[in-house]
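I have placed the structure first, in the form of structure tokens, so that the comments after it can refer back to it.
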Amino acid sequence: MSDVTILGADRAPSPGSGLGFGIDVGGTGVKGAIVDLRTGQFVGDRHRIDTPQPATPDLIAATVAEIVEHFGWTGPVGVTLPGIVKDGVVRSAANIDPGWIGTDARAFFSGVLGGRGVAVLNDADAAGLAEQRYGGGAAVDEGLVILLTLGTGIGSALIYDGVLIPNSELGHIEVGGVIAEKRASAKVRKDRDWSYEHWAGKLSRVLTMYERLFSPDLFVVGGGISRKADKWIPYLTNEVPVVPAHLRNTAGIVGAAMAIAGDR
Ligand code: BGC
């Protein structure tokens, strides 16, 4: 954490410091870090706390506050959630506590964090923003890029000519009578003990449906399973190229920090 000391005693971001703070709320872990927005790199280590169960607004907010406190961060904060977030209000909760639905998460987190500025956005949208900005060329700036995060569910970010179209929720499209994320998320593969080849067949079907609906130019795939992309990308049978995301488990945090910095 030695880098953090450059921020001064209160570790508040000075105007123009180029630093931001992001927290990524996931199904198993809540993770936060200070982000250098010029490079998309963390400043020091990230801090992770197990996602409290049940993942209610109260318990998640307490965890978010603990992470902010851990860094002594006094500036504004960006937070991701795994659901539809419109104007700070959560509109769906497939893999988190249903108590989130209708919650003004932006106001709620801000209240818990002493009234500071807070941005809240969908986790896959945050990953898409970060990948597009810092992904080193994996995401193209022209045409339609669909970034998918394959984990407990399937998250999606739709980026057209470099502009994010938020809350696309492609993981909830029905493919052959089954919700896409119940057919082909990384969790489904693990739970059913499928080989990568077998799972790639399921994912191909989902990607083919996305191709029919949106005619994308490129799929960028993130989430833990993208680290083993060489084991399953060769088995895909859909038409549009699929590349692994460049940013690994940092994308959600970086995108959250970008969102509160207005950097999108
Ligand atoms: C949620 C999305 C989220 C994705 C990945 C889905 O179940 O509906 O909002 O982006 O999981 O966490």
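Both ligands and their constituent atoms are indexed starting at 1 by order of listing. Both backbone and side-chain heavy atoms feed into the values below; hydrogens, waters and symmetry mates do not. The chain is numbered in sequence order, starting from 1.
- Between the CZ atom of Arg189 and the NZ atom of Lys202 there is a distance of 13.5 Å, given to the nearest 0.5 Å.
- The structure places OH of Tyr196 at 12.0 Å from CD1 of Ile233, a figure rounded to the nearest 0.5 Å.
- Leu148 contributes atom CG, which lies 6.5 Å from atom CG of Leu207 (distance to the nearest 0.5 angstrom).
- Counting heavy atoms from C-beta outward, Asn238 and Phe219 have side chains that approach closer than 4.5 Å.
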Anything under 3.5 Å between an N or O on ligand 1 and a protein N or O? List each pair with its distance, or write none.
unit_1	atom_1	unit_2	atom_2	d
ligand 1	7 (O)	Asn95	ND2	2.9
ligand 1	7 (O)	His172	NE2	3.3
ligand 1	7 (O)	Glu181	OE1	2.8
ligand 1	7 (O)	Glu181	OE2	3.1
ligand 1	8 (O)	Glu169	OE1	2.6
ligand 1	8 (O)	His172	NE2	2.8
ligand 1	9 (O)	Gly83	N	3.2
ligand 1	9 (O)	Asn122	ND2	2.9
ligand 1	9 (O)	Glu169	OE1	3.4
ligand 1	9 (O)	Glu169	OE2	2.5
ligand 1	10 (O)	Asn122	ND2	3.2
ligand 1	10 (O)	Asp123	OD1	2.5
ligand 1	12 (O)	Asp123	OD2	2.7

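- Using bins of under 30°, 30° to 60° and over 60° for the plane-to-plane angle, the ring pair Trp100/Phe109 lands in the tilted bin.
- The ring-ring contact (aromatic ring centres under 6.0 Å, His included) test applied to His172 returns no partner, not counting sequence neighbours.
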